[in-house]
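Contents: one structure, followed by commentary.
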There are 2 protein chains.
Amino acid sequence: METKKGYCNCLETIKPVRDTLDVINGKWKLPIIISITVGNERFTDIQNSIPGITPKVLAKELKELEEHKLIKRIIIEGYPVKISYQADAYADTLTPIIYALKDWGLNHRKKIMQVDV
Amino acid sequence: METKKGYCNCLETIKPVRDTLDVINGKWKLPIIISITVGNERFTDIQNSIPGITPKVLAKELKELEEHKLIKRIIIEGYPVKISYQADAYADTLTPIIYALKDWGLNHRKKIMQVDV
DNA sequence: TATGTTGCTTTCTTAAAGGAAAGTGCTATA
DNA sequence: TATAGCACTTTCCTTTAAGAAAGCAACATA
């Protein structure tokens with residue numbers, strides 16, 4: 001006796017994809033990781049490198065990325081206390097995703113530019 | 001004279017990534033494309049194959065995917081008119097993204113399972 | 001006549017994301 | 001003393017996403 005379901009099962013793929021989306025969801029997380037990976041480590045620098053982001057949103061996203069062990073927040077004592085944000089080694093595992101998204105975006109732009117009919 | 005900006009520029013990467021995110025954003029678009037790619041072509045089958053999706057959300061997302069030329073909506077005349085959703089060839093270009101997300105998700109689950117300290 | 005199937009739409013409600021603008025506490029330098 | 005920089009926080013508000021529940025039009029079969 002087998003359960004009758006008329007549809008094709010694709011949970012094997014959907015589930016891990018959704019797990020990933022839960023971590024890197026939203027408009028800002030990947031741009032922030034890119035910015036930090038490329039060398040920006042100060043709050044203001046990260047903010048300036050990502051057009052349109054507000055300090056409130058940046059602060060919130062940084063906290064979430066830290067919770068997910070993707071970045072580290074390092075306090076540098078000194079005249080004004082400074083903070084350094086750095087990519088955790090785990091963030092490197094996102095590289096294939098970032099490149100796949102970048103490549104697709106570049107190609108997509110080409111496509112919608114040329115084809116207009 | 002050069003503009004003084006203290007931060008590293010990463011717009012070359014951020015911009016195409018955001019272009020991509022604008023197309024496949026949200027919780028549902030990739031799961032829907034996966035479901036259709038795997039062989040589900042009927043509204044109800046797609047709905048059943050994706051846990052938690054409501055018909056309202058599915059209808060809306062299908063329209064957007066059609067606008068982005070990622071899927072086709074084919075009307076099959078008959079006793080009750082049926083609709084077949086099919087992946088456009090362009091949807092195949094998303095495969096590297098889907099696999100990158102799937103792999104990361106599987107690995108992430110392993111990581112958070114084992115490391116608990 | 002009643003019921004079921006398909007592919008949705010409609011209405012209502014809540015939750016989450018995002019944005020604008022100003023403020024805060026600290027300190028160093030002019 | 002005044003100003004400026006840093007790393008945020010706070011408040012308020014708008015927009016978007018999402019979810020629950022029900023309904024509907026067309027036909028076909030029992």
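Note on naming: letters A, B, ... go to the chains in the order of the sequence lines (proteins, then strands), and numbering restarts at 1 for each one. The model shown is predicted, which means the values in this text are computed figures rather than measured ones.
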For a quick test of reading the model: is some side-chain N or O of A:K63 closer than 4.0 Å to OP1 or OP2 of D:dA7?
no
Report, one pair per line, the protein and nucleotides 18-21 of chain D atoms (nitrogen or oxygen only) whose separation is under 3.5 Å.
residue	atom	partner	partner atom	Å
D:dA18	OP1	B:K27	N	3.4
D:dG19	OP1	B:K27	NZ	3.1
D:dG19	O6	B:K56	NZ	2.3

Looking at A:R42, does any N or O in its side chain come under 4.0 Å of the phosphate oxygens OP1/OP2 on D:dA7?
yes
More than 12 non-hydrogen atoms from neighbouring residues, nucleotides or ligands closer than 6.0 Å to CD on B:E12, yes or no?
no
Sidechain N-carboxylate O distance under 4.0 Å for A:K60, A:E64
yes
Same cluster for A:Y99 and A:L30 if Ile/Leu/Val/Met/Phe/Trp/Tyr side chains link at under 4.5 Å?
no
Does D:dC8 have OP1 or OP2 under 4.0 Å away from a side-chain N or O of A:Y85?
yes
Check: A:T20 side chain, B:L101 main-chain N or O, donor-acceptor pair, under 3.5 Å:
yes
A:L65 and side-chain contact (heavy atoms from CB on, under 4.5 Å): which partner among A:I36, A:D88, A:I33?
A:I33
Using atom CD1 of A:I75 as one end and atom P of D:dC6 as the other, report the distance to the nearest whole Å.
18 Å
What class does the angle between the rings of A:Y85 and A:F43 fall in, given that below 30° is parallel, 30 to 60° is tilted and above 60° is perpendicular?
tilted
Selection from D:dT9, D:dA7, C:dG7 that lies nearest to any side-chain heavy atom of A:R73:
D:dA7
